[in-house]
Amino acid sequence: MRVIDYAIKGQTVHIHVVETEEDLLDFESFILANQSLLAHDCETTGLDWWNASAGTFRARLWQFGNARESFVVPVEKGDSFRGAVRWALRTARRLIAHNGTYDLHVAEECLGIPMEELAPKSWDTKLIAHLVDPRAVKEDGPGLKLEELTKHYICEVVAAEVKGSMTAIAKELGVKKDEVWDSIPIDHYRFLLYAGMDPILAFRLFKILIPKTPVRSRRRGLISWEHRLAHITAKIERTGYLLDTKYAQEKASELAAQQKHWEEVARHHGVDNVNSNAQIITALRERGVKLTKKTKKGNVSVDDEVLTDVGIPLTEAIVKAKKAGKWKATWFDRAIAAQDPDGRVHASVNSCQARTARMSITGAVPAQTLPAGDSYVRHCFLADPGHVTVSSDYGNMELRVLAAFSGDPTMMDAFHRGLDLHQITADAAGVNRKAGKGTNFVVCFGGGWKAIVEQYGVAEAEAKKAVKAFWETYPGVKRFADRLQREARQAGYIYTGTGRRLPVDRNRIYSALNYFIQSTSRDITARALIEIDRAGYTKYVRLPIHDELVFSFPRERVRELAEKTARIMEMTIKGLLIPVDSEIGEQPWGSVLDLEASKH
DNA sequence: TGGATCTGCACC
DNA sequence: AAACGGTGCAGATCCA
């Protein structure tokens, strides 16, 4: 047995590296002695756990530890090692992992332990860290990655020396960062140190973070609630989404042809690279075009709006070439490349990601950003064979949350009686409905008249009038916003009704209202997922998208299941219903959009 | 070669 | 008094 000693702030920790089958005896003793609470982690060849059955993905190391020592087991070396790890995972009564969803996928795919077996006894330090402080490093927060949390809560030196080491190792070995996990020798000293420290750090973080969790969050049961949710989104990831490969490939070639054509036109007009803003600026200036719009950093802007306004053949070609190229790469190429052996693609769902705890969906199915204007892209995602797509979304979720929690009588009355809230705002201000609608949304975002002007093309005077009228028409909202801002100013954070603590920046106190609305809305969707899981319907859920759930239901039961799940999703808050509308489509997700388009 | 930053664009 | 909230990703560019 090889032992690596390392010091955390002068305190020595021991990393035991299992090398032979005889070494497993000590490993098993350690597990038995620590089975009440064990941290664990695994190192793998990549992140594409869905390719385990294809053999291109495998687990290499599995590590277990407590605050002072850890064991590193080379699972790739053979069945006896895999068997020992399988036994350890099953023997542990409670497991801690950082971003443990990933380890659950790997345990299932590589060790054959169903996710459902480990999930109920798993704790995730990423989720607990989010409840303590959800802010990213760039927002002056601790961050949510293990390296960031180690730096913030444990020791800066350890974070840099250990968690930051794989980049340097890749460089020394002369491989790309993404490739180092597969190619690094299993007995590489600093790889073993990196791997062995992980459970030690996760264990320590758990002990540090649990007492820091807001009392209100704990009392409301948020810790276990978020864990249940994370396990549900893990199941959704595992199911994946069936890809219409033929359609995706057709569209990819179609876009490639368009891109090629429009790039040639642009080249003919003197722009070789349509993605180079510098070239575009030079070419337009040579033609005497005045470019006045500025980027956030004060540079010359040549975005879609500017180019469309210029309106010459060159700018038309640039816009079309850029769009074709980006759509091909972002939507179709990615999905095609990420298919598993069954032709399914697996999104990565971060169940508790944004400051407001909104989920984020990344990877092969960036569900939250798929073009929604038409079915062009969404058409490539299919309900299962014999199934159809159902999209169920909440109506006016954020405004209803605002109405319910502010208790504003005018707003509540409007929703209760099914009146048009946008028109009410418009009438109060003496502006058109578009301006009224813009005002309702912009106020929810913490914006002012300028935002209404920019986003909704409303005249300055109208926008100013509308904002003033909004606050006068809905005095309850004003009082609610003021209360939240006062709370934020005094404490530095607000609490939501679910007991979540949200930090509010001192120089952006106005965002308190939006944080409350956005976070509460997220929790309503999260509650729906938990209830849908309880009812046994998770297998039908394909994706959650903010205020919407996308399902794949068997065609012959679609009406019944759509109805049942919609009723589960619906929720009444302070007497106000947040209604759900289900759209039943055909097999492709895109068919739902086509249906909606044909209605209007 | 890869990281960091900027710009632009897709969404709720 | 007013205040645009939350994301992910591709490509260019600069820098070490």
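Given the structure is predicted, the values throughout are model-derived calculations rather than measurements. In the text below, chain A, chain B and the rest are named by the order of the sequence lines, each starting its count at 1.
Within residues 468-492 of chain A, the residues approaching DNA chain C are A:Gln485, by heavy-atom distance under 4.0 Å. Sorted by residue number, the members of residues 543-552 of chain A with any non-hydrogen atom under 4.0 Å from DNA chain B read A:His546, A:Asp547. Sorted by residue number, the list of members of residues 291-318 of chain A with any non-hydrogen atom under 4.0 Å from DNA chain C is empty.
Nucleic acid contact for A:Leu370: sugar-phosphate only, since backbone atoms but no base atoms lie under 4.0 Å from a heavy atom of the residue. Using a 4.0 Å heavy-atom criterion, one finds that A:Arg355 contacts the sugar-phosphate atoms exclusively.
Overall, the helix from B:dT1-C:dA16 to B:dC12-C:dG5 carries an axis bend of 0° between its ends, with five pairs at each end and the value rounded to 10°.
C:dT7 atom C1' lies 13 Å from atom CD of A:Glu398, rounded to whole Å. Straight-line distance from the CD atom of A:Gln518 to the C1' atom of C:dC4: 12 Å, rounded to whole Å. The interatomic distance linking A:Lys176 (NZ) with B:dT1 (P) rounds to 6 Å, in whole Å. Atom pair A:Arg358:CZ and C:dG6:P shows a separation of 10 Å (rounding to whole Å applied). For the pair A:Arg378 CZ and B:dC12 C1', the interatomic distance rounds to 10 Å; values are reported in whole Å. Summarising the geometry, the separation between NZ on A:Lys437 and C1' on B:dC12 is reported as 13 Å, rounded to the nearest angstrom. Distance A:Phe441 CZ to C:dG6 C1': 15 Å, rounded to the nearest Å. We find that CD1 of A:Ile524 is positioned 18 Å from P of B:dC12, with the value rounded to whole Å.
Taking the six-membered ring for Trp and thresholds of 30 and 60 degrees, A:Tyr376 and A:Tyr247 have ring planes more than 60 degrees apart, a perpendicular arrangement. Taking the six-membered ring for Trp and thresholds of 30 and 60 degrees, A:Trp331 and A:Trp327 have ring planes more than 60 degrees apart, a perpendicular arrangement.
Proximity note for A:Asn514 (side chain, C-beta onward) versus C:dG6, C:dA2, C:dG5: the nearest is C:dG5.
Checked by atom type, the side-chain pair A:Ser582/A:Ser392 shows a donor-acceptor distance below 3.5 Å. Side-chain atoms of A:His346 and A:Asp340 form a donor-acceptor pair, as typed in the model, at a separation below 3.5 Å. A:Thr101 and A:Glu237 share no donor-acceptor pair across their side chains, judged by distance under 3.5 Å alone.
Among residues two or more places apart in sequence or in another chain, the ring-ring contact (aromatic ring centres under 6.0 Å, His included) test is passed with A:Tyr495 by A:Tyr493. Taking A:His105 as the reference, A:Trp49 meet the ring-ring contact (aromatic ring centres under 6.0 Å, His included) condition, with sequence neighbours excluded. Here A:Tyr474 pairs with A:Phe470 under the ring-ring contact (aromatic ring centres under 6.0 Å, His included) rule; sequence neighbours left out.
Electrostatic pairing of A:Asp178 and A:Lys176 does not count as a salt bridge here, judged by no charged N lying under 4.0 Å from a carboxylate O. Look at A:Arg486 and A:Asp482 and you find no salt bridge, because none of the NZ, NE, NH1 or NH2 atoms lies under 4.0 Å from a carboxylate O. Ionic pairing of A:Lys260 and A:Glu263 is not present here: no N-O contact between side-chain nitrogen and carboxylate oxygen is shorter than 4.0 angstrom. For A:Glu264 and A:Arg267, the salt-bridge test fails: no basic side-chain N is under 4.0 Å from an acidic carboxylate O.
Within the structure, salt bridge (charged side-chain N to carboxylate O under 4.0 Å, His left out) pairs that include any residue of residues 433-455 of chain A comprise A:Asp420-A:Arg433 (at least two apart or interchain). Listed by first and then second residue, the ring-ring contact (aromatic ring centres under 6.0 Å, His included) pairs involving residues 434-456 of chain A are A:His422-A:Phe441 (not counting sequence neighbours). Sorted by first then second residue, the salt bridge (charged side-chain N to carboxylate O under 4.0 Å, His left out) pairs that include residues 493-515 of chain A, not counting sequence neighbours, are A:Glu226-A:Arg500, A:Arg355-A:Asp505, A:Arg500-A:Asp523, A:Asp505-A:Arg508.
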Under 3.5 Å, sequence neighbours excluded: what are the donor-acceptor pairs made by side chains of residues 393-402 of chain A?
| unit_1 | atom_1 | unit_2 | atom_2 | d |
| --- | --- | --- | --- | --- |
| A:Tyr394 | OH | A:Met569 | O | 2.8 |
| A:Arg400 | NE | A:Gly395 | O | 3.2 |
| A:Arg400 | NH1 | A:Leu577 | O | 3.1 |

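Phosphate contact (OP1/OP2 of C:dG6, side-chain N/O of A:Tyr515, threshold under 4.0 Å): present. Within the structure, a side-chain polar atom (N or O) of A:Trp327 is placed less than 4.0 Å from OP1 or OP2 of B:dA10. Contact annotation: A:Tyr510 side-chain N/O to C:dG5 OP1/OP2 distance is under 4.0 Å. Between A:Arg508 and the phosphate of C:dG5, there is a side-chain N or O to OP1/OP2 separation shorter than 4.0 Å.
The separation of C:dC4 from B:dC11, taken at their P atoms, amounts to 23 Å, rounded to a whole angstrom.
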Seminar exercise, completed: Nucleotide by nucleotide, nucleotides 8-16 of chain C touches protein heavy atoms under 4.0 Å in the pattern (B base, S sugar-phosphate only, - none) SBSSSS---
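Where stacking is scored as ring centres under 5.5 Å apart with planes under 30°, A:Phe445 registers as stacked on the base of C:dG5.
With contacts defined as side-chain heavy-atom distances shorter than 4.5 Å, the pair A:Ile530/A:Trp225 qualifies.
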